[in-house]
Amino acid sequence: MPGVPPTRFVYLGPEGTFSEQALKTVPAADRGVLTPARSVPEALDALRAGDADAALVPLENSIGGQVGVTLDELANGEPLIITREVVLPVQFVLAAARDRPLDSVRSVAAHPQAGAQCRKWLRDHVPQATVVDVLSNATAAIGAGAGEFDAAICAAIGATRYKLHVLAKDIADNAEAMTRFALVSRPGPPPPPTGDDLTTLAVYISHDRVGALLAVLTELSVRGINLTRIESRPTGERLGRYVFFLDCAGHVAEPPMGEALQGLRRICADVRFLGSYPRASHTDPPPRRAPGLSDQDFTDAAGWLASLRNGAGS
């Protein structure tokens with residue numbers, strides 16, 4: 001991240017969740033103050049209010065799909081930008097207050113999404129147990145530790161934090177499941193390009209224009225920009241009004257992306273720049289600029305971002 005690294009982090013809590021585990025992979029978080037929030041809106045509100053320097057929130061899950069509340073929060077309110085993505089394997093454990101045989105487990109606490117992702121394992125290994133829905137993986141761990149439930153489905157970090165005995169590891173039905181998180185900050189210069197970056201946009205199409213979405217996709221395709229993700233969310237205005245979230249391969253400082261932003265601004269009702277940042281798979285320290293970029297490219301990028309921020313709703 002450019003400039004001074006953040007020291008105050010807020011994340012979707014409570015403690016002992018995958019969000020905390022994901023945040024601890026961010027180098028600056030090792031030296032920072034980590035504070036859990038009760039919800040994604042509360043985490044981002046704390047960031048907007050200046051009570052935190054960065055927030056770590058979930059964006060999407062490879063099984064459950066988009067995290068709608070996060071997208072809604074990024075599309076509305078004071079602008080925020082993504083400075084980093086974290087992709088975390090979803091590895092659940094079955095944990096209990098004490099070691100016990102699986103055939104003695106009669107109740108299992110689980111977040112609904114966690115229970116759904118472990119349904120086959122539960123049916124095969126603890127068919128006699130009743131699964132009880134709770135608010136979070138950490139809540140499940142706390143309940144098992146207090147004796148409210150015989151066991152809990154939780155993250156390994158939750159079992160460790162609440163001093164539970166792990167009865168079984170890797171109990172998810174899909175061993176390849178992943179959750180993608182975003183590290184978000186208040187607006188500022190994006191991290192420098194690495195040559196392996198993503199740019200995220202929220203695009204409001206012109207609804208009175210035939211082929212409006214096709215025109216958006218054309219602005220990207222004619223410049224050779226690969227669209228890696230597209231999601232839609234209702235704007236809340238009325239039925240049929242949607243905002244589209246785009247993940248595009250490339251960085252705002254690279255001319256094709258900057259030109260595409262200018263083109264989208266001309267044809268869309270609104271465009272919100274949500275950040276350019278390294279892909280999670282990029283592990284090398286980012287160079288000051290990617291090969292082939294000039295000082296003028298960075299000047300142009302600054303102008304494009306300024307024009308977006310000065311636009312209505314941006």
Side-chain angles (χ1 to χ4, degrees), residues 1 6-24 26 29 32-61 63-88 90 111-114 133-140 142 154-155 157-158 179-188 200-204 229 231-239 241-247 270-275 277 308-309 312-314:
M1 289 176 287
T7 58
R8 300 172 302 158
F9 296 87
V10 61
Y11 65 92
L12 176 61
E15 295 177 338
T17 59
F18 284 111
S19 293
E20 182 186 12
Q21 187 174 334
L23 180 55
K24 288 191 172 183
V26 177
V33 177
L34 280 55
T35 303
R38 292 179 296 181
S39 66
V40 169
E42 286 191 24
L44 298 183
D45 283 348
L47 176 60
R48 288 180 169 118
D51 297 329
D53 304 314
L56 194 286
V57 291
L59 271 181
E60 61 175 322
N61 178 268
I63 295 177
Q66 65 178 336
V67 180
V69 65
T70 299
L71 298 182
D72 293 343
E73 284 293 314
L74 292 177
N76 299 290
E78 295 179 24
L80 297 171
I81 63 166
I82 301 169
T83 60
R84 186 187 187 103
E85 69 168 0
V86 176
V87 177
L88 190 73
V90 178
H111 183 276
Q113 197 170 69
D133 289 347
V134 295
L135 293 176
S136 70
N137 299 314
T139 302
I142 293 169
C154 61
I157 189 176
T179 296
R180 179 181 177 222
F181 298 84
L183 188 68
V184 182
S185 70
R186 292 182 293 278
T200 299
L201 307 170
V203 174
Y204 298 78
R229 181 179 70 99
E231 304 273 6
S232 64
R233 294 288 298 167
T235 64
E237 298 170 357
R238 61 178 184 268
L239 287 174
R241 299 288 187 174
Y242 289 87
V243 54
F244 291 86
F245 293 87
L246 313 179
D247 280 349
D270 195 8
V271 178
R272 177 169 283 200
F273 172 75
L274 297 179
Y277 48 91
L308 287 172
R309 286 195 291 268
S314 295

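We're numbering straight along the sequence, starting at 1.
Leu183 is not listed as a side-chain neighbour of Val86, based on a closest heavy-atom distance of 4.5 Å or more. The shortest side-chain heavy-atom distance between Pro79 and Arg272 falls under the 4.5 Å cut-off. Within the 4.5 Å cutoff, the side chain of Val69 has no heavy atoms near those of the Val57 side chain. Taking 4.5 Å as the limit, every side-chain heavy atom of Phe245 sits out of range of all side-chain heavy atoms of Ser232. Looking at heavy atoms from C-beta onward, Thr179 lies out of side-chain contact with Phe18 at the 4.5 angstrom threshold. Here the side chains of Leu71 and Glu231 are in contact, with some heavy-atom distance below 4.5 Å. Counting only heavy atoms from C-beta outward, the side chains of Val67 and Asn61 never approach each other to under 4.5 Å.
Across Phe9 and Ala29, no two heavy atoms sit closer than the pair CE1-CA, 3.6 Å. Closest approach of Leu80 to Arg186, counting heavy atoms only: CD2-CA, 4.0 Å. Between Leu56 and Ser19, the shortest heavy-atom distance links the atoms CD1-O, 3.6 Å. Of all non-hydrogen atoms in Leu12 and Thr17, the two that sit nearest each other are O-OG1, 3.3 Å. Taking each heavy atom of Asp53 and Pro6 in turn, the nearest pair found is CB-CB, 3.5 Å. Considering every non-hydrogen atom in both Pro112 and Val134, the closest pair reads CD-O, 3.4 Å.
The line from OG1 of Thr35 to CG of Leu23 is 10.0 Å long, rounded to the nearest 0.5 Å. Atom CG of Leu274 is separated from atom CG of Leu59 by 9.5 Å, given to the nearest 0.5 angstrom.
Side-chain contact of Tyr277 with Thr200: a donor-acceptor pair under 3.5 Å is present, judged by distance alone.
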Report task. Could you give me the CA-CA distance, side-chain angles and deciding distance for Val10 and Asp51, then say whether side-chain contact (heavy atoms from CB on, under 4.5 Å) is met? Result -> CA-CA 9 Å; Val10 61; Asp51 297 329; over 6 Å; no

Requested in this report: May I have the step-by-step check of side-chain contact (heavy atoms from CB on, under 4.5 Å) for Phe181 and Leu88, ending in yes or no?
Outcome: CA-CA 8 Å; Phe181 298 84; Leu88 190 73; 4.0 Å; yes

Requested in this report: Start with the C-alpha gap between Leu201 and Phe273, add the side-chain angles, then the distance that decides, and say whether side-chain contact (heavy atoms from CB on, under 4.5 Å) holds.
Outcome: CA-CA 5 Å; Leu201 307 170; Phe273 172 75; 4.0 Å; yes

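For Arg241 (side chain) and Tyr204 (main-chain N/O), no donor-acceptor pair under 3.5 Å exists by modelled atom type. When atom types are taken as modelled, the side chain of Arg48 and the backbone of Glu78 share a donor-acceptor pair closer than 3.5 angstrom.
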May I have the list of side-chain donor-acceptor pairs in residues 37-45 shorter than 3.5 Å, sequence neighbours left out?
unit_1: Arg38; atom_1: NE; unit_2: Glu42; atom_2: OE1; d: 3.3
unit_1: Arg38; atom_1: NE; unit_2: Glu42; atom_2: OE2; d: 3.2
unit_1: Arg38; atom_1: NH2; unit_2: Glu42; atom_2: OE2; d: 3.0
unit_1: Ser39; atom_1: OG; unit_2: Glu42; atom_2: N; d: 3.2

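Every residue two or more places apart in sequence or in another chain that forms a salt bridge (charged side-chain N to carboxylate O under 4.0 Å, His left out) with Glu60 is listed here: Arg180, Arg229.
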